[in-house]
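Everything below concerns the one structure shown next.
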Amino acid sequence: MSNYWLMKSEPDAFSIEDLHALNQSPWDGVRNYQARNFMRAMQTGDQVFFYHSSCPTPGIAGTARVCKEAYPDHSSWDPTSAYFDPKSTPEDPRWFMVDIEFVEKWQKVVTLAELKQSPALSDMILTKKGSRLSIMPVTQEEWDYIIKILKT
DNA sequence: GCCAACGTTGGC
DNA sequence: GCCAACGTTGGC
């Protein structure tokens with residue numbers, strides 16, 4: 001039994017194509033407690049919508065899978081990293097990351113506009129006004145519905 | 001514990 | 001580039 005998630009990334013920084021090229025990658029740099037807590041709830045095999053944000057056509061670009069469960073994000077205690085946080089230490093790590101592996105790049109992006117248009121998805125955190133959360137759970141119903149949009 | 005100021009996210 | 005919404009920080 002696997003769970004479903006959505007993870008946002010700016011394609012200029014890290015895109016679904018980048019994940020495809022690497023096959024798998026750590027999801028580092030999350031510095032938001034809610035998003036961190038969701039990552040800590042992820043289990044190996046959980047499925048992930050890979051969302052492209054802050055780009056000309058924001059939307060879901062493909063899927064990935066959790067391949068390593070949460071472990072300390074060591075970039076948080078690296079002073080040379082852009083993600084450095086002096087309050088996080090190896091003894092008491094504050095930030096965590098998971099590893100995800102590439103599953104599929106979609107033939108088309110399921111756009112934010114399409115998602116917002118669907119009454120069935122009106123409860124998604126993503127489609128709510130002002131929501132900036134970068135990692136969020138997705139229900140089975142929402143997952144299935146979005147796959148249906150993809151195939152239309 | 002309150003809340004103003006600030007920094008960031010992310011759609012448009 | 002603008003700006004609304006949000007999270008965090010720090011003075012009191």
Side-chain angles (χ1 to χ4, degrees), chain A residues 3-22 25-42 46-66 69-100 102-139 141-143 145-152:
Chain A
N3 300 306
Y4 303 101
W5 307 93
L6 181 144
M7 300 173 90
K8 291 183 187 172
S9 181
E10 298 187 20
D12 284 350
F14 188 70
S15 69
I16 186 88
E17 292 86 0
D18 294 329
L19 180 62
H20 192 185
L22 295 170
S25 170
W27 199 272
D28 63 352
V30 171
R31 297 292 178 267
N32 170 282
Y33 290 103
Q34 233 185 321
R36 179 202 68 180
N37 293 343
F38 283 134
M39 274 203 297
R40 297 186 79 171
M42 290 181 183
D46 284 0
Q47 292 184 268
V48 176
F49 282 139
F50 196 116
Y51 180 93
H52 283 173
S53 66
S54 296
C55 57
T57 309
I60 301 168
T63 56
R65 190 184 293 122
V66 175
E69 293 176 12
Y71 59 104
D73 181 346
H74 44 75
S75 70
S76 68
W77 58 70
D78 171 6
T80 66
S81 167
Y83 301 129
F84 177 61
D85 178 355
K87 289 173 186 154
S88 182
T89 64
E91 295 73 32
D92 186 18
R94 172 173 300 212
W95 302 113
F96 289 78
M97 57 190 176
V98 297
D99 287 358
I100 62 166
F102 176 81
V103 174
E104 184 178 33
K105 182 195 170 184
W106 290 350
Q107 291 305 306
K108 64 158 193 169
V109 172
V110 173
T111 67
L112 179 63
E114 288 177 280
L115 299 174
K116 280 185 169 171
Q117 219 173 281
S118 309
L121 303 176
S122 60
D123 285 338
M124 281 187 87
I125 298 163
L126 182 76
T127 58
K128 297 239 193 281
K129 188 183 174 205
S131 172
R132 303 182 317 181
L133 192 60
S134 66
I135 296 176
M136 67 193 77
V138 173
T139 67
E141 291 73 24
E142 290 161 351
W143 182 278
Y145 192 86
I146 290 166
I147 298 295
K148 224 169 73 184
I149 296 175
L150 171 67
K151 293 185 172 157
T152 53

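Just so we're on the same page: letters track the sequence lines, and every chain starts at 1. Worth saying up front: this structure is predicted, and the values here are computed from it rather than measured.
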Between the side chains of A/Y71 and A/D99, is a donor N or O closer than 3.5 angstrom to an acceptor N or O?
yes
Once you measure the plane-to-plane angle for A/F14 and A/W27, does it fall in the parallel (<30°), tilted (30-60°) or perpendicular (>60°) bin?
perpendicular
Reading nucleotides 7-12 of chain B 5' to 3', which nucleotides get B (base under 4.0 Å from a protein heavy atom), which S (sugar-phosphate only), which -?
BBBBSS
Are A/Y33 and A/W95 close enough that their ring centres sit under 6.0 Å apart?
yes
Side chain to side chain donor-acceptor pair (under 3.5 Å) evaluation trace for A/S15 with A/D18
CA-CA 5 Å; A/S15 69; A/D18 294 329; 3.3 Å; yes
Exercise: do A/S75 and A/R31 side chains pair donor with acceptor under 3.5 Å
yes
Describe the nucleic acid contact of A/K128 in one word from base, sugar-phosphate, nothing, applying a heavy-atom distance below 4.0 Å.
nothing
